[in-house]
There are 2 protein chains.
Amino acid sequence: MKTGSGNLFEVDGPPGPDERFDPLLEREGLRIERIVSTGQASPAGFWYDSPHEEWIVLLAGAATLEFEGETEAHAMRPGDYVRIPAHCRHRVAWTSASEPTFWLAVHYGDTAAARAVSRATTS
Amino acid sequence: MKTGSGNLFEVDGPPGPDERFDPLLEREGLRIERIVSTGQASPAGFWYDSPHEEWIVLLAGAATLEFEGETEAHAMRPGDYVRIPAHCRHRVAWTSASEPTFWLAVHYGDTAAARAVSRATTS
């Protein structure tokens with residue numbers, strides 16, 4: 001009866017140059033995604049600006065988030081979670097290059113429209 | 001701009017006799033919950049039988065799930081996730097008593113109706 005099982009920390013193949021985005025579950029208005037960062041950061045001047053909310057948790061590794069209008073960056077360590085409201089502009093300022101950083105992201109609301117927009121928005 | 005932040009592995013106060021259920025996010029049709037088990041298991045003959053789907057991941061500790069109709073139990077180690085369809089009867093057969101077990105559960109669908117039902121169903 002159980003389906004859709006796996007392990008968040010198992011990754012197929014060697015790490016490439018880009019972050020990995022692996023959808024784990026997709027439903028109307030809901031998308032659960034595993035993200036693996038290996039030293040990447042958002043380009044200078046890039047801001048994620050999503051029309052839907054998301055809830056993210058860092059499960060392994062380390063990263064720093066920046067939120068527009070905040071002077072202080074937001075260090076993320078294993079277990080740290082944060083809810084990011086729709087249109088809250090943010091960027092990934094840094095991820096660890098010495099170990100993979102595993103994130104779990106829960107996108108909810110208008111996720112179909114949001115998917116195309118959220119990764120293509122620059123300021 | 002960031003809100004609803006915290007750390008999944010930080011728990012207020014000493015462990016009590018019961019599992020802890022901490023809602024982290026509640027939206028229409030969506031509930032993200034942190035569960036901390038400290039050796040508890042479902043009572044004999046008890047089956048969770050939820051009208052909504054859920055997606056759960058074990059983040060620390062260890063546990064064993066059972067699904068009705070399956071002869072083999074489902075060992076859960078850190079990072080293991082599983083999607084449990086609506087009305088897929090299951091129980092927590094065992095959780096580690098030597099360390100806390102941290103779960104993240106994403107409930108989706110008719111979560112309001114489901115909340116009352118899912119913890120009160122025995123066979």
Side-chain angles (χ1 to χ4, degrees), chain A residues 1-11 22-34 47-49 52-60 65-70 72-91 102 104-109 111, chain B residues 1-11 22-34 47-49 52-60 65-70 72-91 102 104-109 111:
Chain A
M1 295 278 286
K2 63 186 182 299
T3 54
S5 61
N7 188 287
L8 289 179
F9 302 121
E10 289 173 7
V11 180
D22 297 304
L24 303 179
L25 183 89
E26 301 202 62
R27 290 290 181 274
E28 170 109 25
L30 175 67
R31 182 161 49 91
I32 301 176
E33 185 175 60
R34 189 267 302 271
W47 295 96
Y48 288 98
D49 184 350
H52 70 277
E53 276 198 2
E54 65 186 289
W55 185 93
I56 57 170
V57 58
L58 187 147
L59 297 175
L65 299 180
E66 286 178 357
F67 294 86
E68 193 177 45
E70 293 194 356
E72 205 157 323
H74 189 70
M76 300 285 285
R77 297 293 176 265
D80 284 346
Y81 62 85
V82 61
R83 179 176 73 81
I84 303 178
H87 296 298
C88 171
R89 286 159 61 93
H90 61 284
R91 60 191 297 280
F102 288 82
L104 189 70
V106 182
H107 305 263
Y108 47 97
T111 53
Chain B
M1 294 281 283
K2 63 185 182 297
T3 54
S5 61
N7 188 286
L8 288 179
F9 301 121
E10 289 174 7
V11 179
D22 297 303
L24 302 179
L25 183 89
E26 300 201 65
R27 289 289 181 276
E28 171 107 24
L30 175 67
R31 182 161 49 91
I32 301 177
E33 186 174 58
R34 190 265 305 271
W47 295 97
Y48 288 99
D49 184 350
H52 69 277
E53 276 198 3
E54 65 186 290
W55 186 92
I56 58 171
V57 57
L58 187 147
L59 297 175
L65 298 180
E66 286 178 359
F67 294 85
E68 193 178 46
E70 294 194 355
E72 205 157 322
H74 189 69
M76 300 284 287
R77 296 295 175 264
D80 283 347
Y81 61 85
V82 61
R83 179 177 71 82
I84 303 178
H87 297 297
C88 171
R89 287 159 62 92
H90 61 285
R91 59 191 299 279
F102 288 82
L104 190 68
V106 181
H107 306 264
Y108 47 97
T111 53

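Order of the sequence lines sets the chain letters (A, B, ...), proteins ahead of strands, with each chain counted from 1. Bear in mind that the values here come from a model prediction, so they are computed numbers and not experimental data.
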**Q** What's the separation between atom CZ in A:F9 and atom CG in B:L59, rounded to the nearest 0.5 Å?
**A** 6.5 Å
**Q** Could you check whether any side-chain heavy atom of B:Y81 comes within less than 4.5 Å of a side-chain heavy atom of A:L25, counting everything from C-beta outward?
**A**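 They are not in contact (no side-chain heavy atoms under 4.5 Å apart), so the answer is no.
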**Q** Please identify each residue that fulfils side-chain hydrogen bond (donor to acceptor under 3.5 Å, both in side chains) with A:D22, with sequence neighbours left out.
**A**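 A:D22: side-chain hydrogen bond (donor to acceptor under 3.5 Å, both in side chains) contacts with A:R20, A:R34.
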**Q** Contact part of B:L104 toward chain A, heavy-atom cut-off under 4.5 Å: side chain, backbone, both or neither?
**A**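 Just its side chain gets close to chain A.
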**Q** Of all heavy-atom pairs between B:R77 and A:N7, which one has the smallest distance, and what is that distance?
**A**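 Here B:R77 and A:N7 meet closest at O-ND2, 4.3 Å.
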**Q** Apply side-chain hydrogen bond (donor to acceptor under 3.5 Å, both in side chains) to B:E66 and list each qualifying residue two or more places apart in sequence or on a separate chain.
**A**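 Partners of B:E66 under the side-chain hydrogen bond (donor to acceptor under 3.5 Å, both in side chains) test: B:R91.
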**Q** What distance separates B:W55 CH2 from A:L30 CG, expressed to the nearest 0.5 Å?
**A**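 Answer for the CH2-CG pair, B:W55 versus A:L30, is 10.0 Å.
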**Q** For chain B, which candidate among A:L24, A:L58, A:V106, A:I56 shows the most heavy-atom pairs at distances under 4.5 Å?
**A**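 The residue among A:L24, A:L58, A:V106, A:I56 with the greatest pair count is A:L24.
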**Q** So for B:E53, is it side chain, backbone, both, or neither that comes closer than 4.5 Å to the heavy atoms of chain A?
**A**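 The side chain, not the backbone.
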**Q** Heavy-atom distance under 4.5 Å to chain A: side chain of B:L65, backbone, both or neither?
**A** neither
